[in-house]
Number of protein chains: 2
Amino acid sequence: MTTAHDLTKNQSLVFSALSDARAPLSAYTILDRLREDGFRAPLQVYRALEKLLEIGLVHRLESINAFVACAHPQCHNHGTMAFAICEDCGNVREFTDDQIAERLADWARTENFRPHKTIIELRGQCQACSIGEP
Amino acid sequence: MTTAHDLTKNQSLVFSALSDARAPLSAYTILDRLREDGFRAPLQVYRALEKLLEIGLVHRLESINAFVACAHPQCHNHGTMAFAICEDCGNVREFTDDQIAERLADWARTENFRPHKTIIELRGQCQACSIGEP
DNA sequence: TCGCATATGTAATGTTATCACGAAATTTTA
DNA sequence: TAAAATTTCGTGATAACATTACATATGCGA
């Protein structure tokens, strides 16, 4: 018997690196941060990420080739998530919107498109970074 | 006096390559297809793409690092576009949904986030490719 | 024609991601 | 528990995507 998801050592290390970060990390940045933990090659990171993405503990931000720990790791929601990415400070806000998800699902149904994954990303400037820039 | 946008030679070549393709092309695929037109280096493609994206004649599909000619080049809509990308045949459907755009704008307003660009991409299987796979 | 902005050519380099192969660890099954 | 199957891991090489730096050319207004 185990908990919902037993992470291996590498998976735990990668997840911790992402949880500790205040902004998304690229795979190679993760690699650099885990060198002293014995990481030597990109594949060690990518393999761990693959699993973490599958579990839902981590999200990939497609528009910046980077990864973040899920903001709601308890209820690892495999539904449609949206991300607001600040291009100044790198901060990311994760949110959901059922109406948007439904509307996309409606479109897909009507067009007989079977979505496997939905990507919604807002690139812009967060509140903190827009202060003083009217 | 000129038309709305005079494209340079390189820009025209890149745009033609994308218009002729039945699926999105990567920058390096474009490069390969334009070798006999004198293209030698990635930057020639990337520079042309940069301009075409700015004008709105081309879209970048963030989740697959590829580019498509805009489906509505007349009214080059700089608003929020959505793309449904078939992972089997590569075909892409471009569409808009005002309600989704509004809802995202509402979220941004509420959170004081200033979006510069919005990415919506559905990855999945198109109707044609799902026939015979119940 | 001069000066400036834009466009181009090219090499080198930086960044992101995967392949191929074998070894080690873990789980399953008998 | 031992053998078999599965999953994970280590490592080097390579592929795929994108930018920097610098030199040259081209068009256009003063």
Side-chain angles (χ1 to χ4, degrees), chain A residues 1-3 5-18 21 23-55 57-68 85 87 90 117 119 121 123, chain B residues 1-3 5-18 21 23-55 57-68 85 87 90 117 119 121 123:
Chain A
M1 177 54 192
T2 68
T3 61
H5 291 290
D6 263 332
L7 299 184
T8 67
K9 181 157 172 272
N10 284 2
Q11 288 160 15
S12 296
L13 285 166
V14 169
F15 183 65
S16 295
L18 285 173
L25 301 181
S26 76
Y28 279 77
T29 302
I30 296 171
L31 174 58
D32 285 340
R33 298 202 179 173
L34 295 179
R35 293 233 183 248
E36 50 188 34
D37 294 289
F39 274 51
R40 311 287 305 277
L43 206 46
Q44 295 176 286
V45 176
Y46 282 109
R47 286 203 272 231
L49 285 172
E50 184 180 25
K51 191 70 175 190
L52 293 167
L53 289 166
E54 185 186 319
I55 296 171
L57 284 176
V58 162
H59 300 294
R60 176 187 171 89
L61 301 176
E62 301 287 346
S63 71
I64 57 173
N65 299 319
F67 304 85
V68 283
I85 304 164
E87 293 177 332
K117 185 183 180 196
I119 293 127
E121 298 180 13
R123 304 283 302 272
Chain B
M1 179 52 192
T2 69
T3 61
H5 291 289
D6 262 334
L7 299 184
T8 66
K9 181 156 172 272
N10 284 3
Q11 289 159 15
S12 296
L13 286 167
V14 169
F15 183 65
S16 296
L18 287 173
L25 301 181
S26 76
Y28 278 75
T29 302
I30 295 171
L31 174 57
D32 284 340
R33 299 201 179 175
L34 294 179
R35 293 232 184 247
E36 50 188 34
D37 294 290
F39 274 51
R40 312 286 305 275
L43 205 48
Q44 296 176 286
V45 177
Y46 283 109
R47 287 204 272 231
L49 284 172
E50 183 180 27
K51 191 69 175 192
L52 293 167
L53 289 166
E54 185 188 318
I55 295 171
L57 284 177
V58 162
H59 300 293
R60 177 188 171 90
L61 301 176
E62 300 287 348
S63 70
I64 57 173
N65 299 322
F67 304 85
V68 284
I85 304 164
E87 293 176 334
K117 185 184 180 192
I119 293 125
E121 297 180 15
R123 303 282 302 270

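Proteins get letters first, then strands, A, B, ... in listed order; numbering begins at 1 in each.
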Taking side chain as C-beta onward, heavy atoms only, is A:V14 less than 4.5 Å from A:K51?
-> no

Whole angstrom is fine here: how far is it from NZ in B:K9 over to P in D:dG27?
-> 12 Å

Are any of the side-chain heavy atoms of A:Q11 and A:L57 separated by less than 4.5 Å?
-> no

B:L13 has an atom CG; how far is it from atom P of C:dG9, in whole Å?
-> 10 Å

Member of A:L53, A:I119, A:L49, A:V68 meeting the side-chain contact (heavy atoms from CB on, under 4.5 Å) criterion with A:R60 | A:L53

Nearest whole angstrom, please: distance from the P of C:dT26 to the CG of A:L7.
-> 15 Å

In sequence, state the C-alpha distance, the side-chain angles, and the governing distance for B:Q44 and B:L34, and then conclude on side chain to side chain contact (heavy atoms under 4.5 Å, CB included).
-> CA-CA 10 Å; B:Q44 296 176 286; B:L34 294 179; over 6 Å; no

Interatomic distance, A:S12 atom OG to A:L52 atom CG [nearest 0.5 angstrom] = 8.0 Å

Can you tell me how far P of C:dA7 sits from CZ of B:F39, to the nearest Å?
-> 14 Å

Value in whole Å for how far the P atom of C:dT16 lies from CG of A:L61 | 13 Å

Check whether any side-chain N or O of B:R60 sits under 4.0 Å from OP1 or OP2 of D:dA18, and answer yes or no.
-> yes

Side chains of B:F39 and B:N10 in contact at under 4.5 Å (non-hydrogen atoms) = yes

With respect to the side chain of A:K51, which nucleotide from D:dT8, D:dC9, C:dA17 is positioned closest?
-> D:dT8

What is the distance from CG of B:L34 to P of C:dT10, rounded to the nearest Å?
-> 15 Å

Does A:N65 have a side-chain nitrogen or oxygen under 4.0 Å from the phosphate oxygens OP1 or OP2 of D:dA18?
-> no

Taking for each residue the nucleotide of DNA chain D with the nearest heavy atom, is it A:T8 or B:T29 whose nucleotide lies nearer the 5' end?
-> A:T8

Whole-Å distance, A:I30 CD1 to C:dA17 P, equals 10 Å

Provide, to the nearest angstrom, the distance between the CG atom belonging to A:L49 and the C1' atom belonging to D:dC9.
-> 15 Å

Going 5' to 3' along nucleotides 11-16 of chain D, which nucleotides have protein heavy atoms under 4.0 Å from the base (write B), which only from the sugar-phosphate (write S), and which from neither (write -)?
-> B-----

Any chance you could lay out the side chain to side chain contact (heavy atoms under 4.5 Å, CB included) test for B:R123 and B:I64, step after step, and finish with the verdict?
-> CA-CA 10 Å; B:R123 303 282 302 270; B:I64 57 173; 3.6 Å; yes

